[in-house]
Structure formats: structure tokens, C-alpha cells
Amino acid sequence: LKVLAARVDIMAGKPADAERLLREVITADTSELEAYDLLGRLYIAQGQTDRAVAEYKALAAKSKAPAGALTMIGLIQESRGDRAAAKKQYEEVLAVDPRSGVAANNLAWMYAEDGRVEDAIRLATVATEELRGRPEADDTLGWAYYHRGTMTRAIAAFERAIEKAPERPIYHYHLGLALDRAGSADKARAAFKRALSFKADFAGSDDARARLAWGDRP
């Protein structure tokens with residue numbers, strides 16, 4: 001009942017009351033895992049990431065299936081820009097649970113950019129199997145194949161991501177990169193234009209505009 005009341009307080013904009021209730025729950029029963037998770041999310045919403053990390057560490061230590069809590073720590077570290085710590089954290093998650101989809105997806109992306117493309121493809125494949133229906137995993141798999149230089153598979157993966165989330169500009173941008181490297185300049189330009197039509201400012205938007213401008217030169 002106290003956990004439920006804490007949820008109501010959070011929805012009502014009363015974080016201090018929610019924190020008090022959750023602390024009471026944890027003090028009375030250290031095995032109440034939902035309270036740790038909710039407290040961690042509360043701290044994230046308040047920008048108190050250090051406290052959130054502490055709560056998820058406590059949750060992981062007490063849980064029989066700690067992968068979820070450990071993954072949350074990695075996500076927090078990524079949000080803070082600490083790539084090295086996030087990478088180490090995701091590796092720890094996968095040591096505990098090799099089929100953890102989110103950790104596999106995020107670590108695959110990092111490995112692809114680090115040049116560990118075969119490891120990236122292996123992990124991204126796990127992510128696509130575990131996160132069925134999620135476009136992020138297809139995009140990551142495409143990114144891994146792109147870095148390997150296997151454009152046919154990269155294009156196919158990016159197209160699957162677009163089928164699932166057609167209005168996300170980053171997927172069209174990635175498809176454009178792969179098409180351009182595959183020698184399909186016109187299709188690449190169409191993909192870049194499509195990406196920019198959804199949003200003028202996204203990760204890669206400046207590069208997309210530059211590529212389009214270069215193609216327009218006489």
C-alpha cells in the first residue's frame with residue numbers, strides 16, 4: 001500500500017512525500033525490490049543521478065535477477081556522458097545475463113564505433129532477438145554492418161528499423177550513409193532529404209545537409 005501511495009504522490013507532484021514512503025518501505029523490508037526501483041526513478045526525474053545509481057546498486061545487490069538494475073546504472077552513466085563507465089557496466093550486465101537485450105544493444109553500438117565489429121554484430125543480433133519489434137536493435141545491427149563494410153546487410157537492417165519507426169530521422173540518415181557507400185547516390189540523397197523533412201536538427205543533420213549541398217555543386 002505504501003508503494004502504491006508513493007506512486008500516487010509522484011503523479012501528484014509530491015516527490016518528498018513519495019521518497020519518505022519509499023524509505024519507510026525499504027527500512028521495514030529490505031527485500032521490497034519495487035521500492036528501490038521506484039526510488040531510483042524518482043531520483044533520476046529530479047536529476048539526482050548519484051543517488052539513483054546508489055539505489056540501483058542496492059537493488060542489484062538484493063535481487064536474484066540483477067540485470068535490470070545494473071542496466072539502469074549503465075543508462076544513467078551514458079546520460080551523464082561517462083561512456084567508459086557505461087561500457088564497463090553493460091559488460092557487467094552481460095556477464096550476469098548474456099541475453100539482456102538493452103545492454104547488448106547499447107554495448108554493440110559502442111563496440112561498432114570502437115572497431116570491434118564482429119563483437120558488435122554478435123551483440124546486436126542478440127538485441128534483435130530479445131527486443132523483438134524494437135527499431136533500435138535493427139538500427140544498431142545496421143550500424144555494426146555499416147562499420148564492417150557489409151552494405152547489403154546494413155541497408156536491410158536500416159530499412160527494417162524504418163518500417164517500425166518511419167518518422168525517426170536518424171534511421172533515414174543511417175540508411176542514406178549506407179546507400180551512399182554502396183554507390184546508390186540518388187537513393188542516398190532521397191534518404192537524407194527524408195531525414196531532414198522529419199526534423200531539421202538531429203544527430204547527423206549537419207552532415208546530411210553537407211552531403212546534399214556537396215551533391216548540388218556543379
Side-chain angles (χ1 to χ4, degrees), residues 36-37 40-41 43-45 47-61 63 65-150 153-165 167-175 177-178 195 199 202-205 207:
Y36 286 97
D37 181 49
R41 294 179 186 276
Y43 289 147
I44 290 172
Q48 301 180 48
T49 55
D50 287 339
R51 297 181 74 183
V53 167
E55 294 303 331
Y56 282 116
K57 284 183 177 179
L59 174 58
S63 176
L70 294 173
T71 299
M72 284 300 303
I73 295 171
L75 292 170
I76 293 169
Q77 289 164 335
E78 265 200 279
S79 73
R80 296 196 294 198
D82 193 343
R83 185 179 185 276
K87 181 178 174 182
K88 182 178 179 180
Q89 188 67 38
Y90 294 138
E91 289 171 339
E92 181 180 343
V93 173
L94 292 168
V96 172
D97 179 6
R99 304 295 299 181
S100 182
V102 173
N105 180 76
N106 293 8
L107 188 58
W109 190 276
M110 292 178 176
Y111 279 173
E113 298 198 324
D114 289 345
R116 296 177 58 177
V117 291
E118 298 307 320
D119 288 332
I121 290 169
R122 175 179 57 80
L123 289 175
T125 300
V126 170
T128 60
E129 293 168 353
E130 296 299 318
L131 304 176
R132 289 194 181 115
R134 297 297 307 178
E136 295 88 348
D138 290 306
D139 184 53
T140 299
L141 183 59
W143 198 238
Y145 279 126
Y146 176 80
H147 280 272
R148 184 211 251 178
T150 313
R153 291 191 174 185
I155 290 167
F158 291 140
E159 287 177 339
R160 288 195 298 271
I162 289 170
E163 286 176 6
K164 294 170 184 174
E167 296 185 3
R168 290 191 189 174
I170 192 69
Y171 300 158
H172 293 277
Y173 169 64
H174 289 161
L175 176 61
L177 293 177
K199 190 175 181 181
F202 62 90
S205 59
D207 182 60

Participant: Any ring-ring contact (aromatic ring centres under 6.0 Å, His included) involving residues 81-103? Give me the pairs, sequence neighbours left out, ordered by first then second residue.
Facilitator: none
Participant: Once you round to the nearest 0.5 Å, how far does OG1 of T140 lie from CE of M110?
Facilitator: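 If we round to the nearest 0.5 Å, T140:OG1 and M110:CE are 11.0 Å apart.
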Participant: Just verifying a value: how many Å separate D207 CG and L177 CG, rounded to the nearest 0.5 Å?
Facilitator: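 Here the rounded value is 6.0 Å.
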Participant: Give a yes or no on whether K164 atom NZ has more than 12 heavy-atom contacts from other residues, nucleotides or ligands under 6.0 Å away.
Facilitator: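 Yes, the 6.0 Å shell around NZ holds more than 12 heavy atoms from other groups.
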Participant: Do H174 and Y146 have side chains that approach each other closer than 4.5 Å (heavy atoms only, starting at C-beta)?
Facilitator: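 Not touching, per the 4.5 Å side-chain cut-off.
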Participant: Tell me the closest heavy-atom pair linking E78 and A86, and the distance in Å.
Facilitator: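 Closest approach of E78 to A86: CG-CB, 3.5 Å.
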Participant: Restricting to non-hydrogen atoms, name the atom on G204 and the atom on Y173 that form the minimum distance, rounded to 0.1 Å.
Facilitator: O-CE1, 3.5 Å
Participant: Would one find more than 12 heavy atoms of other residues, nucleotides or ligands at under 6.0 Å from atom CZ of R153?
Facilitator: no
Participant: Does any non-hydrogen side-chain atom of E129 lie less than 4.5 Å from one of R99?
Facilitator: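 The answer is yes; the side chains approach within 4.5 Å.
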Participant: Before you tell me yes or no, could you show the steps for I121 and T150 under side-chain contact (heavy atoms from CB on, under 4.5 Å), namely the whole-Å CA-CA distance, both residues' side-chain angles and the distance that decides it to 0.1 Å?
Facilitator: CA-CA 11 Å; I121 290 169; T150 313; 5.9 Å; no
Participant: Would you find more than 12 non-hydrogen atoms of other residues, nucleotides or ligands less than 6.0 Å from E91 atom CD?
Facilitator: yes
Participant: Pick out which of V126, N105, V93 makes a side chain to side chain contact (heavy atoms under 4.5 Å, CB included) with S100.
Facilitator: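 That would be V93; it is the only one of V126, N105, V93 passing the side chain to side chain contact (heavy atoms under 4.5 Å, CB included) with S100.
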Participant: Search all heavy atoms of G101 against all heavy atoms of A127 and return the closest pair with its distance.
Facilitator: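 Minimum heavy-atom separation between G101 and A127: O-CB, 3.8 Å.
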Participant: Check the angle between the aromatic planes of W143 and H147 and answer parallel, tilted or perpendicular using the 30° and 60° thresholds.
Facilitator: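 W143 vs H147 ring planes: perpendicular.
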Participant: Determine whether a donor-acceptor pair (N or O, by modelled atom type, separation under 3.5 Å) exists between the side chain of Q89 and the backbone of L70.
Facilitator: yes
Participant: Work out which heavy atom in A112 is nearest to a heavy atom in A144; give both atom names and the distance.
Facilitator: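 In this case the closest contact between A112 and A144 is CB-CA, 4.0 Å.
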Participant: Below 4.0 angstrom, N of the basic side chain to O of the carboxylate: do K88 and D82 qualify?
Facilitator: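 D82 and K88: not salt-bridged.
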Participant: Please report the shortest heavy-atom distance between L141 and A157, naming the atom on each side.
Facilitator: C-CB, 4.3 Å
Participant: Quick check against the 3.5 Å criterion: does T128 have a side-chain atom that pairs as donor or acceptor with the backbone of T125?
Facilitator: yes
Participant: Could you tell me whether the side chain of L75 reaches within less than 4.5 Å of the side chain of Y56, counting heavy atoms only?
Facilitator: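 Y56 does not reach L75 side chain to side chain.
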Participant: Could you check if a side-chain atom of V53 sits within less than 4.5 angstrom of a side-chain atom of R80, using non-hydrogen atoms only?
Facilitator: yes
Participant: Do D138 and Y171 get their side chains close enough for a donor-acceptor pair, meaning under 3.5 Å?
Facilitator: no
Participant: Apply the test salt bridge (charged side-chain N to carboxylate O under 4.0 Å, His left out) to residues E118 and R148: give CA-CA distance (whole Å), side-chain angles for both, the deciding distance (0.1 Å), then the verdict.
Facilitator: CA-CA 8 Å; E118 298 307 320; R148 184 211 251 178; 3.1 Å; yes
Participant: How long is the span from the CG atom in L175 to the CD1 atom in I170, to the nearest 0.5 Å?
Facilitator: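 Rounded to the nearest 0.5 Å, the CG-CD1 separation comes to 12.0 Å.
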Participant: How long is the span from the CD1 atom in I73 to the CD atom in E55, to the nearest 0.5 Å?
Facilitator: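 The CD atom of E55 is 10.5 Å from CD1 of I73, to the nearest 0.5 Å.
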Participant: Hey, could you give me the CH2/CG distance between W109 and D139, rounded to the nearest 0.5 Å?
Facilitator: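 Between W109 CH2 and D139 CG, I get 4.5 Å after rounding to 0.5 Å.
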Participant: Run the salt-bridge test on R168 and E136 with the 4.0 Å N-O cut-off and return the result as yes or no.
Facilitator: yes
Participant: Measuring from M72:CE to K57:NZ, what's the distance to the nearest 0.5 Å?
Facilitator: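 Nearest 0.5 Å value for the CE-NZ distance: 14.0 Å.
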Participant: What heavy-atom pair brings P66 and A60 nearest, and what distance separates the two atoms?
Facilitator: CB-O, 3.4 Å
